[in-house]
Amino acid sequence: MIRKTFGTLAVAALVLSTSCKKENASEKIDPSNVEKAMAESAATGKLPVVKFDKVEHDFGTIAEGDKVETEFKITNEGEADLIIINAQGSCGCTVPVWPKEPIKPGDSAPLKVSFDSNGKPGQQQKTVTLTTNSKEGSEKVTIKANVTPKAGGATPAAH
């Protein structure tokens, strides 16, 4: 049990220390919430379980330069508070906005994901990875789009 708790804390420390310089993840979460949830999980053996309303969203065909957004609903089907420590897009064009407060068992919260198609012609597939205090430690959702290039633009290529 102590080993699992130490491992989770190590992962959280790694994520916080390597987060994007533009946005400091440690400023977005309350460390006391993480410590409290981890202590409760360690003591009871109860963990949060992440469930999404969908794990993939296809924007269809969009024009290069469009900025589009979708929302994934996150539900905690576990027995302990779910804490999303960090959310990271696979590319700078994919920006997640995630709940900073713990999600109580049975409750839901939105994960908003925006995609900026500027300079991204062709078929696109991007992921957002959530670092959580669940048993798995991370969860992924995917967005897709077929980006029509601007007139006179480059030949489409997957990025």
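These numbers come from a predicted model, not from an experiment.
Applying the ring-ring contact (aromatic ring centres under 6.0 Å, His included) definition to pairs two or more places apart or across chains, those involving residues 58-96 are H57-F59. Applying the ring-ring contact (aromatic ring centres under 6.0 Å, His included) test to residues at least two apart or on different chains, none of the pairs has a partner in residues 120-149. Residue pairs that meet the side chain to side chain donor-acceptor pair (under 3.5 Å) test with at least one member in residues 106-117, sequence neighbours left out, are T75-S108.
With D58 contributing its side chain and G60 its backbone, the two residues share a donor-acceptor pair below 3.5 Å.
Screening I74, N86, L82, V141 against L130 for a side chain to side chain contact (heavy atoms under 4.5 Å, CB included) leaves a single residue, I74. Residue P96 is tested with I84, T129, I143, V128 for a side chain to side chain contact (heavy atoms under 4.5 Å, CB included); the sole match is V128.
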Inset, instruction - Show the numbers, then the answer: is there a side-chain contact (heavy atoms from CB on, under 4.5 Å) between F115 and I62? - result: CA-CA 11 Å; F115 172 66; I62 62 174; 4.1 Å; yes
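Nearest heavy atom pair, residue T142 against residue Q125, reads CG2-CG, 3.5 Å. The shortest heavy-atom contact between V147 and A63 is CG1-C, 4.1 Å. Among all heavy-atom pairs drawn from N133 and L47, the shortest one is O-CD2, 4.3 Å. Between G78 and P105, the shortest heavy-atom contact is O-CB, 3.3 Å. Closest heavy-atom contact between S138 and T132: N-OG1, 4.2 Å.
Between K150 and N118 the shortest side-chain heavy-atom distance falls below 4.5 Å.
For the side-chain contact (heavy atoms from CB on, under 4.5 Å) test, residues two or more places apart in sequence or in another chain that qualify with V49 are E77. For the side-chain contact (heavy atoms from CB on, under 4.5 Å) test, residues two or more places apart in sequence or in another chain that qualify with E79 are K46. Partners of A109 by side-chain contact (heavy atoms from CB on, under 4.5 Å), not counting sequence neighbours, listed by chain and number: P99, I103. The salt bridge (Lys or Arg N to Asp or Glu O under 4.0 Å) check on K140 picks up nothing, with sequence neighbours excluded. With sequence neighbours excluded, no residue forms a side-chain hydrogen bond (donor to acceptor under 3.5 Å, both in side chains) with T148. Listed by chain and residue number, K126, T127 satisfy the side-chain contact (heavy atoms from CB on, under 4.5 Å) test with S90 (two or more places apart in sequence, or in another chain). Residues satisfying the side-chain hydrogen bond (donor to acceptor under 3.5 Å, both in side chains) test with K73, not counting sequence neighbours, are none.
A distance of 13.0 Å separates OG1 of T131 from CD1 of I83, quoted to the nearest 0.5 Å. To the nearest 0.5 Å, atoms CG (L111) and CD (E139) are separated by 11.5 Å. To the nearest 0.5 Å, the span separating CH2 on W98 from CD1 on I85 amounts to 11.0 Å.
In the hydrophobic cluster analysis, where Ile, Leu, Val, Met, Phe, Trp and Tyr join through side-chain heavy atoms closer than 4.5 angstrom, F52 is grouped apart from V97.
Classification of E64 and K120 as a salt-bridged pair fails, no side-chain N sitting under 4.0 Å from a carboxylate O.
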